[in-house]
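Reading through the structure tokens given below for one structure.
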Amino acid sequence: MRKEELINNLADVERRVQEACKRAGRDRSEVVLIAVSKTKPVEDLQVIYDAGIREFGENKVQELTGKIPEMADDISWHLIGHLQRNKVKYIVDKVKLIHSVDSYRLAEEINIQAKKHGVVVPILIEVNAANEATKFGVKLEEAKQLCEEISHLDAVHIEGLMTIAPNVVVSEENRKIFHKIKDLSVDIAKENIDNVDMRILSMGMTNDFEVAIEEGATHVRVGTAIFGERNYNI
Ligand SMILES: *Cc1c(COP(=O)(O)O)cnc(C)c1O
């Protein structure tokens, strides 16, 4: 049965999160598990919600705004996918955190829309850690400067960094990438830039969330391991 399958998947992911925390000498409370529910029906989200999860991640604005009214209002929604400037207005007051800011122009638009809605929007800077041509995100060496520029916008607040590591077969291969991002966040934190915090590191997905936790992730974004494979053709 679908419900049982989802509950078992979630329990398995939770156990693996706990074990990774233990190996790293970290407390479980230091890691937020975000259930990435893109392409999945709200019935599936409801099962995971009923099992106790309150943090959900979506990568498309339209899907996100469609699901929000269908679900309980104590959910924290995370926008984790690439965000176009013309769509910022639809989500700016509805999400807990935007993970995917990789340009000043996007941050500026978030700032404008945030002011219109009377909110301050927490954001992460997306870093393209492995410099992959197919990925969004700023280069590692550009992240600090982007933080400085965005820090002057008073209706956005940088809370940390996000990265999508390469899709590798052996998760261990991404350890050095996660380590680099952790180092970068420590580096930026040392600058004590006004209006910039480095308390969040959003990294680790189904294939590599345990390694990410061992390397300091505070938020892992797990889809497939909870909801099963995605079918983009339906
Ligand atoms: C889809 C997605 C995830 C989850 O990926 P899985 O491999 O299914 O866990 C995490 N982060 C982002 C940005 C995504 O788009």
Side-chain angles (χ1 to χ4, degrees), residues 5-6 8-17 20 31-42 44-45 47-48 51 53 55-67 75-84 87-88 91 95-103 106 122-138 143 159-175 177-178 181 200-234:
E5 181 191 336
L6 289 171
N8 287 339
N9 286 350
L10 178 63
D12 190 52
V13 168
E14 174 55 35
R15 179 185 54 75
R16 289 166 61 193
V17 168
V31 180
V32 177
L33 171 61
I34 300 171
V36 175
S37 47
K38 63 193 189 202
T39 79
K40 299 297 175 180
V42 289
D44 283 5
L45 278 69
V47 173
I48 296 303
I53 296 294
E55 314 275 336
F56 286 85
E58 289 283 341
N59 71 336
K60 292 213 163 73
V61 166
Q62 199 178 356
E63 192 174 350
L64 177 65
T65 53
K67 281 173 177 172
I75 289 179
S76 294
W77 295 96
H78 296 257
L79 197 277
I80 60 175
H82 181 64
L83 178 58
Q84 287 170 316
K87 301 217 169 126
V88 170
I91 54 127
V95 294
K96 181 184 193 183
L97 185 62
I98 298 175
H99 290 232
S100 45
V101 176
D102 62 357
S103 73
L106 175 57
I123 64 166
L124 303 179
I125 302 302
E126 179 172 356
V127 182
N128 186 350
N131 237 328
E132 293 173 280
T134 54
K135 295 234 167 92
F136 293 104
V138 284
E159 305 264 348
L161 305 177
M162 180 272 229
T163 200
I164 303 174
N167 191 2
V168 292
V169 178
V170 183
S171 62
E172 202 54 42
E173 288 175 38
N174 281 336
R175 186 179 295 278
I177 303 253
F178 294 139
I181 298 291
I200 293 181
L201 266 189
S202 170
M203 56 189 196
M205 311 177 13
T206 288
N207 283 333
D208 53 21
F209 69 86
E210 289 149 300
V211 177
I213 290 170
E214 288 168 18
E215 295 301 327
T218 66
H219 290 57
V220 291
R221 310 177 307 267
V222 180
T224 308
I226 295 174
F227 293 101
E229 294 291 335
R230 287 178 290 272
N231 182 353
Y232 288 99
N233 302 319
I234 51 172

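Heavy atoms only: backbone and side chains are in, while hydrogens, waters and symmetry mates are out. Remember, it's 1-based here, ligands and their atoms both numbered in the order they're listed.
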Least distance between heavy atoms, Thr163 atom then Val127 atom: OG1-O, 2.6 Å
Criterion side-chain contact (heavy atoms from CB on, under 4.5 Å) against Glu55, the qualifying member of Arg221, His219, His78: His78
Geometric class of the Phe227/Phe56 ring pair [parallel <30°, tilted 30-60°, perpendicular >60°]: tilted
Stepwise salt bridge (charged side-chain N to carboxylate O under 4.0 Å, His left out) test for Arg175 and Glu214: CA-CA 9 Å; Arg175 186 179 295 278; Glu214 288 168 18; 2.7 Å; yes
Give every pair made of an N or O atom of ligand 1 and a protein N or O atom lying under 3.5 Å apart, one pair per line with both atom names and the distance to 0.1 Å, or write 'none'.
unit_1: ligand 1; atom_1: 8 (O); unit_2: Thr224; atom_2: N; d: 2.8
unit_1: ligand 1; atom_1: 8 (O); unit_2: Thr224; atom_2: OG1; d: 2.5
unit_1: ligand 1; atom_1: 8 (O); unit_2: Arg230; atom_2: NH1; d: 2.8
unit_1: ligand 1; atom_1: 8 (O); unit_2: Arg230; atom_2: NH2; d: 3.1
unit_1: ligand 1; atom_1: 9 (O); unit_2: Thr206; atom_2: N; d: 3.0
unit_1: ligand 1; atom_1: 9 (O); unit_2: Thr206; atom_2: OG1; d: 2.5
unit_1: ligand 1; atom_1: 9 (O); unit_2: Gly223; atom_2: N; d: 2.8
unit_1: ligand 1; atom_1: 11 (N); unit_2: Arg221; atom_2: NE; d: 2.8
unit_1: ligand 1; atom_1: 15 (O); unit_2: Lys38; atom_2: NZ; d: 2.7

Close side-chain approach of Ile34 and His99, heavy atoms under 4.5 Å: yes
Steps toward salt bridge (charged side-chain N to carboxylate O under 4.0 Å, His left out) verdict (Lys60, Glu63): CA-CA 5 Å; Lys60 292 213 163 73; Glu63 192 174 350; 5.9 Å; no
